[in-house]
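Residue numbers begin at 1 in each chain, while the letters A, B, ... track the order of the sequences.
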Amino acid sequence: MESYQARKVEEKWQKKWLDGDVYKVNLDDSAEKYYNLVMFPYPSGDRLHIGHWYNYGPADSWGRYMKMQGKNVFQPMGYDSFGLPAENYAIKTGVHPSESIETNTAKMTDQMSKIGAMWNWEQSVKTSDPSYYKWTQWVFLELFKNDLAYKKKAPVNWCPSCKTVLANEQVQNGSCERCKSEVTKRDLNQWFFKISDYAEKLLDHDGLDWPAKTVTMQKNWIGRSEGCNIHFPMEEGEDLLSCYTTRPDTIYSVTFIVMAPEHPLVDEFVKGTKYEAEVEKVRKEISKQSIIERTSEGGKNKLGAFLGKYAINPVNGRKLPVYIANFALMYGTGIVMADAHDQRDFEFANKYDIPLEFVISEDGSVIKPEDFKGAYTGDGILFNSGGFNGMNNREALPKIVEFLQNSGNGEATINYKLRDWLISRQRYWGAPIPVVYDPEGNAHPVPEEHLPWVLPTDVDFKPTGESPIANSKELVERTEKIFGKGWRPEVDTMDTFMCSSWYYLRYLSSGDEGKAFDKEVMKKWMPVDMYIGGPEHACMHLLYARFVNMALHDLGHIDFKEPFKKLVHQGMVTKDGAKMSKSKGNVVSPDSFVEKYGSDVFRMYLMFMGPFTAGGDWNDKGITGIARFVDKFWKMVCTENEVKDEKAFITAIHKLIKKMTRDMDNMHYNTVIAAMMEFLNLIPKIGMDEGSKKVLARLMEPIAPHLAEECWEKLGCKGSIFEAGWPEYDEALTVDATVRLGVQINGKVRGDIELAKDASEDEAVAAAKAVENVMKYLVEGEIIKVIYVPGRILGFVIKPN
RNA sequence: GCCCAGAUGGCGGAAUUGGUAGACGCGCCAGACUCAAAAUCUGGUUCCCGCAAGGGAGUGAGGGUUCAAUUCCCUCUCUGGGCACCA
């Protein structure tokens, strides 16, 4: 018998699928909709790597499983084609990105079709197409017009290698998320989105079926903290220093104040005084510190300077010297009350000889900082705290807030770590920010009729740190022609995360150039039912997309708040337990394996390696097991066979459907495949029924689509396998007539017995006593307890004689 | 430092609500076919003792609850991920 010819078969079906309309979607179909979305790739010139396959293969299997259940599945695919990868590739090869994007996406589309996935290419998008970024610009303008976008001069993250600014989310451990270079700070005039306005809404994940870990990561990133602003009057003058604290219970211990070096009041305080020179010097030193030095690692090196001013503690009148300090950030109010109950303050005070006082101790007895090596950060009983003496500090906390509030010296406040989203980029290959400036320098939106506000081509796109399109004559001429002499265009482009924050809506427009998206179609199709992609996007893309979606909702454009109902992250494929990387030289390239075994086998082996969300370890030889299985399956279909044991066969097939259904529901593809293997191993014993071959083919459809179709055809079936759908099982038929169960004596297995599934305890005990090895132990003592769990276990507890 | 996830044979990994640990696959061993090899097929394969029947140990380490623990509780070690001077 001929072995399964994977390549020939797959080529045949891929052609049929591309030419036919089985996989085309009718968005108006009345069947239950299912929006199955995978994070789209950026197009590179390279072949698909194993990560692509691990993402797209199993995701397609999920879509097929939904389609087998009769749902109208929408499974689009497109390209995140603006951005650094495409631009860097263009710089390297000298080919203009707009050209390389065309060739690379065409190549990639071809490869992705060879996975044998049912992508809806008719609804594809490319974020760098003017017909797409026209609407990205429209979204920007909607935010701008509604006060959710603004331009501001601020110290921002700068990547010296990428020569552009980065959003906070793109800085990881002080390094650029993309190129790993160390990020520095620069004062620049940049565009921001007010994502911080949405902090509270973004914290709410109710109704979302997301991994708990991702939700936690977003919550930590947003960083809500409840505290209190306390106002300290200056010794001289009218200024009030407002300090944010989560520990108002330590207010009586405050002995000094620290301010962020960037705080605008610092200049006011030292200008023209004898402290100015020293403060300037220290500030310069701090500004030279990298983010890492100033934050995590620099924790040991406290640095600051006295401003020559004093504030007054409103609760006890103490005179508090005011300092700048490197550890004080522009978070909260940028001013911090400092005391001996905080480790950082404690270290700073020791370095600069500032007095310290405790107000909390374990039992309320008076303790002195001089007797301690570090801060007292624990809880306890208050002392030297006016009317709050003797109280537990945590119980006193709300009362102190109330006291401050009543005396006008403070109020409860909530702070978030989430900062506004910086979207300007000083790079060429991105959507131009659709803003122009009048001769006075005021920003104006480019009216919608002039969208797309196209990216000029008459520039050198190599990054210099200045925006490349600043040198475009065409852009300036265009601006002056439309708006008048002296008007100037914005020359920064948008963060590509902006492009990808709404693409799932654009897919549903079917490329309509007249509007961003179709309200009616969206009403039916959104939110996305299943979103599959890497966990690295937890605090970037997934946060931005939720924000943009919520903003569009609040502006009345769409009627759903959350874009992604269910989210799943695929795991990582490793080689010998290690991350694959070019530098380690342990990268597995899919091509040769796909060439040799076919796409079904390759996809199935990836799914077989481990649970989808956990990933797995690639083994060059392991894939042969799947190849053998596919061949075995094909031969089983081609061989005439008959059932040898009717009862056992029926039970086995119903059990198989049940197990595969349950494991498919949970994306446990590894055990789905194992179940089918087990069934095939059973056939020599129980036989195989001709009619049931069709059932097996249907079960294989999601995980090995080419093979399934070929078998379907071979078995003489007409029409799409999807019309037959996913097989159903009868629960009553999944139960074996007899069960084998272990017999335990004092917790140790001493034998096993075969019983009718509903055997009584007496029958079970009788059967057990017939087992010689069981009896051997039973006679050694007196049975004091029998545990019988039908179908599971029979246990004896005996007391030795 | 804080938070989360995990640790099971030579390897990847299975194990409904606590109920015969090691499914399935790789690898390995033996056999069949072959002049031979590959491919394929059959059997075996957690470790230790034993010809076998069987016994002992065993799911990162140590304790606990239970007739029974990979599963529940406590302590610890290691690995991966995230956050990190956020007052």
Listing, residues 601-615 of chain A side-chain donor-acceptor contacts under 3.5 Å, not counting sequence neighbours, or none:
{"from": "A:Arg603", "atom 1": "NH1", "to": "A:Gly57", "atom 2": "O", "distance (Å)": "3.3"}
{"from": "A:Arg603", "atom 1": "NH1", "to": "A:Asp60", "atom 2": "OD2", "distance (Å)": "2.9"}
{"from": "A:Arg603", "atom 1": "NH1", "to": "A:Ser61", "atom 2": "OG", "distance (Å)": "3.0"}
{"from": "A:Arg603", "atom 1": "NH2", "to": "A:Asp60", "atom 2": "OD2", "distance (Å)": "2.9"}
{"from": "A:Arg603", "atom 1": "NH2", "to": "A:Ile115", "atom 2": "O", "distance (Å)": "3.4"}
{"from": "A:Arg603", "atom 1": "NH2", "to": "A:Gly116", "atom 2": "O", "distance (Å)": "3.4"}
{"from": "A:Tyr605", "atom 1": "OH", "to": "A:Asn619", "atom 2": "N", "distance (Å)": "3.4"}

Which atom pairs, donor and acceptor, lie under 3.5 Å between side-chain atoms of residues 772-791 of chain A and protein residues at least two apart or in another chain?
{"from": "A:Asn773", "atom 1": "OD1", "to": "A:Lys776", "atom 2": "NZ", "distance (Å)": "3.3"}
{"from": "A:Asn773", "atom 1": "ND2", "to": "A:Arg750", "atom 2": "O", "distance (Å)": "2.9"}
{"from": "A:Tyr777", "atom 1": "OH", "to": "A:Arg750", "atom 2": "NH1", "distance (Å)": "3.1"}
{"from": "A:Tyr788", "atom 1": "OH", "to": "A:Ala759", "atom 2": "O", "distance (Å)": "3.0"}

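Rounded to whole Å, atom P of B:A87 lies 15 Å from atom CE of A:Met330.
Contacts of A:Tyr597 classified as side chain to side chain donor-acceptor pair (under 3.5 Å), with partners at least two apart in sequence or in another chain: none. By the salt bridge (Lys or Arg N to Asp or Glu O under 4.0 Å) test, A:Asp342 is found to be paired with A:Arg344, residues two or more places apart in sequence or in another chain being considered. Residues passing the side chain to side chain donor-acceptor pair (under 3.5 Å) test with A:Ser592: none are found, sequence neighbours excluded. For A:Arg247, the salt bridge (Lys or Arg N to Asp or Glu O under 4.0 Å) test picks out A:Asp249, with sequence neighbours left out. Not counting sequence neighbours, the partners of A:His537 by the ring pair (Phe, Tyr, Trp, His ring centres under 6.0 Å) test are A:His541.
The P atoms of B:C72 and B:A5 are separated by 12 Å, rounded to the nearest whole Å. Rounded to whole Å, the C1' atom of B:U45 lies 36 Å from the corresponding atom of B:G64.
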Per-nucleotide protein contact string for nucleotides 13-30 of chain B (B base, S sugar-phosphate only, - none; heavy atom under 4.0 Å): SS-BB-BB--BBSSS---

Anything under 3.5 Å between a protein N or O and an N or O of nucleotides 42-47 of chain B, put it in a table, one pair a line.
none

Show me the protein contacts with nucleotides 70-72 of chain B, counting only N or O atoms at under 3.5 Å.
none

Polar-atom pairs under 3.5 Å, protein N or O versus N or O of nucleotides 3-6 of chain B: list them with distances, or write none.
none

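Relative to the ring axis of A:Trp221, A:Arg419 does not place its NZ or CZ within 45° and under 6.0 Å from the centre.
For the residue pair A:Thr574 and A:Asp617, a side-chain donor N or O sits within less than 3.5 Å of a side-chain acceptor on the partner.
Sorted by first and then second residue, the salt bridge (charged side-chain N to carboxylate O under 4.0 Å, His left out) pairs with a member in residues 738-749 of chain A read A:Arg740-A:Asp752, A:Arg740-A:Glu754; sequence neighbours excluded.
For A:Trp618 and A:Phe593, the distance between ring centers is under 6.0 angstrom.
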